[in-house]
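Given the structure is predicted, the values throughout are model-derived calculations rather than measurements. When reading the values below, keep in mind they use all heavy atoms of this one structure, side chains included, and skip hydrogens, waters and symmetry mates.
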Amino acid sequence: MSKITVIGAGSVGATVANDLMIQGVASEIVLVDINKKKALGEALDIYQGAPFHSPAIVRSGEYEDAAGSDIVVITSGMPRKPGMTRLDLAQTNVNILKSIAEGVVPHARDAIYLIVSNPVDVLTYVFTKISGLPEKQIIGSGTILDTSRLQSELAKRFCISPKNVHAHVYGEHGDSSFVPWSLAHIANNHVDAYRHNAPDADRIDWHQDYAEVEEFVKKSGAQIIENKGATFFAVAMSVCHICKCIYSGAGTALSVSTMMHGEYGVDDVCLSVLTLVDRKGVRGKILNPLTDEEVVKLQASANKLKEVIGQITY
């Protein structure tokens, strides 16, 4: 038996629950929301598609129904609206998170908590501080979606499968994020060397477009929100991927947000660097060598987050 509780039955939470069932990630999925009718309706809608997929129970519930969960996914919070930065949401969603922590943690102390609500790095930090749980059980979705956006864009430019793109976004899930291009590889070639060794070099659209690609990654979320009002499909897929990596137990390198303890000169803040995730949660960080310039960017991202944390009450 595998059980995942999803807190928040809005667009992200409901899509996460639906994807978890479609992908057969858990045998029991519980949806919890302050709007109980919404949670019930979403759970019914999802469960009635169960005959087409892996057998799973999908139901709505209360915080106490999280008991026995392997993973608790927290998606509740005010959504980011057009023109609003993720950090603008901080205090409101911190208050919501505090209420959730008080309600669910006593019933699921052994679960791995996956924080998805924004600003995710700030909320992951606050949850780490207030939950009383071991840090290894707390993971923020961090820049995993940014990384997916990066990899899909590079795959398009290099005419290759995204699975052959090894490049990640570090730092805050937001404006101060950056790509450590020194670590970016396409099929075992550095991103700037791949064209020289590729069989179809004439098809490749790459001119060391670092700034252009990073700008695309940073603005993708806002562009989607401007066009359709919210982002939830890709983020739900990224959350399901994290859950599958947790269950696999093999140890998967993911750009997720966790507490820093001096790595790269960054301490007492949550942000994303490559991190090994397994059945027990966070196994540890992969300390890939960064250039001096990249370390400066990571520290600047950390300082930006610390400024926000210093201005909120938790």
Side-chain angles (χ1 to χ4, degrees), residues 2-8 11-31 56 66 69-77 97 100 104 108 110-121 123-125 127-128 131 133-152 162-163 165-173 177 221 231-259 270-286:
S2 53
K3 180 177 179 180
I4 297 178
T5 294
V6 179
I7 299 178
S11 296
V12 172
T15 308
V16 167
N18 188 60
D19 285 3
L20 288 170
M21 189 193 72
I22 288 173
Q23 297 182 34
V25 179
S27 56
E28 182 178 0
I29 301 161
V30 181
L31 262 177
S69 294
D70 306 304
I71 303 170
V72 175
V73 180
I74 299 178
T75 71
S76 296
L97 183 70
I100 291 170
V104 71
D110 295 329
I112 295 168
Y113 283 78
L114 177 51
I115 314 300
V116 182
S117 310
N118 279 317
V120 65
D121 302 293
L123 297 185
T124 303
Y125 178 87
F127 191 83
T128 302
S131 67
L133 297 173
E135 289 181 9
K136 68 179 182 180
Q137 290 175 227
I138 302 167
I139 301 170
S141 57
T143 60
I144 191 165
L145 178 55
D146 309 76
T147 291
S148 178
R149 289 167 173 161
L150 170 67
Q151 292 173 345
S152 60
K163 294 186 181 300
V165 177
H166 299 281
H168 300 84
V169 178
Y170 276 39
E172 170 207 1
H173 174 52
S177 66
T231 62
F232 46 87
F233 288 132
V235 68
M237 285 185 270
S238 69
V239 170
C240 287
H241 180 68
I242 296 172
C243 291
K244 287 191 290 185
C245 291
I246 290 170
Y247 276 124
S248 79
T252 306
L254 300 173
S255 56
V256 290
S257 185
T258 59
M259 185 66 77
C270 291
L271 47 64
S272 292
V273 297
L274 265 187
T275 302
L276 274 181
V277 172
D278 63 17
R279 189 62 184 81
K280 294 182 179 180
V282 179
R283 186 190 298 180
K285 297 175 179 64
I286 303 170

Discussion item. Tell me whether Glu28 contacts the main-chain N or O of Ala56 through its side chain, where contact means a donor paired with an acceptor under 3.5 Å.
Written reply: no
Fill in: Ile242 versus Ser141, closest heavy-atom pair with distance
CD1-CA, 4.1 Å
Response to the item:
Here the gap from Tyr125 atom OH to Leu97 atom CG, rounded to the nearest 0.5 Å, amounts to 13.5 Å
Worksheet item: Any side-chain heavy-atom pair from Leu254 and Leu274 closer than 4.5 angstrom?
Response: no
Fill in: Heavy-atom side-chain proximity of Asn118 to Leu123 below 4.5 angstrom
no
Worksheet entry | Min side-chain heavy-atom separation Thr252-Leu276 under 4.5 Å | no
Practice prompt. Applying side-chain contact (heavy atoms from CB on, under 4.5 Å), run through Ile7 and Val73 and close with a yes or a no.
Written response: CA-CA 6 Å; Ile7 299 178; Val73 180; over 6 Å; no
Worksheet item: Can you name the nearest heavy-atom pair linking Asp121 to Cys270, along with the distance?
Response: CB-O, 3.2 Å
Worksheet, complete the sentence: In terms of heavy-atom contacts, Ile138 and Ser131 come closest through CD1-OG, 3.5 Å
Discussion item. Keeping Thr75 on the side-chain end and Ser117 on the backbone end, is there a donor-acceptor pair under 3.5 Å?
Written reply: no
Worksheet entry | Ser148 backbone acceptor or donor facing Ser152 side chain under 3.5 Å | yes
Worksheet item: Quick one: are Ile71 and Ile246 in side-chain contact, heavy atoms under 4.5 Å?
Response: yes
Item to complete: Considering only NZ, NE, NH1 and NH2 on the basic side and carboxylate oxygens on the acidic side, decide whether Lys3 and Asp70 come within less than 4.0 Å.
Response: no
Practice prompt. Verify side-chain contact (heavy atoms from CB on, under 4.5 Å) between Ile4 and Tyr247, making sure each step is shown before the conclusion.
Written response: CA-CA 11 Å; Ile4 297 178; Tyr247 276 124; 3.6 Å; yes
Discussion item. I want to check something: taking the side chain as every heavy atom from C-beta on, are Ser177 and Tyr170 in contact at a cut-off of under 4.5 Å?
Written reply: no
Worksheet item: Less than 4.5 Å apart, any side-chain heavy atom of Ser69 and any of Val30?
Response: no
Worksheet entry | Heavy-atom donor-acceptor pair, Ser238 side chain to Val235 backbone, under 3.5 Å | yes
Fill in: Residue pair Leu133 / Phe127, side-chain heavy-atom distance below 4.5 Å
yes
Fill in: Taking every non-hydrogen atom, the tightest pair across Val169 and Leu150
CG2-CD2, 4.0 Å
Fill in: Flag, side chain of Ser257 to backbone of Gly142, donor-acceptor distance under 3.5 Å
no
Discussion item. For Ser255 and Ser272: C-alpha separation, side-chain torsions, deciding distance, then whether side-chain hydrogen bond (donor to acceptor under 3.5 Å, both in side chains) applies.
Written reply: CA-CA 5 Å; Ser255 56; Ser272 292; 5.6 Å; no
Fill in: Thr275 side-chain N/O to Lys285 backbone N/O, donor-acceptor pair under 3.5 Å
no
What pairs of donor and acceptor atoms, side-chain ones from residues 12-25 against any protein atom, are under 3.5 angstrom apart with sequence neighbours left out?
residue: Thr15; atom: OG1; partner: Ser11; partner atom: O; Å: 2.5
residue: Gln23; atom: OE1; partner: Lys244; partner atom: NZ; Å: 2.8

Discussion item. Can a donor-acceptor pair be found, under 3.5 Å and without considering hydrogens, that links the side chain of Gln137 to the backbone of Ala111?
Written reply: yes
Practice prompt. Please test Val277 against Ile139 for side-chain contact (heavy atoms from CB on, under 4.5 Å), starting from the C-alpha separation and ending with a verdict.
Written response: CA-CA 9 Å; Val277 172; Ile139 301 170; 4.0 Å; yes
Discussion item. I'd like to check Ile74 versus Ile100 (side-chain heavy atoms, cut-off strictly below 4.5 Å). Are they in contact?
Written reply: yes
Worksheet item: How close do Val120 and Ile115 get, heavy atom to heavy atom, and via which atoms?
Response: CG2-O, 3.2 Å
Fill in: Inter-residue atom distance Thr147.OG1 - His168.NE2, 0.5 Å rounding
5.5 Å
Item to complete: Considering non-hydrogen atoms only, spot the tightest contact between Glu172 and Leu271 and give its length.
Response: N-CB, 4.3 Å
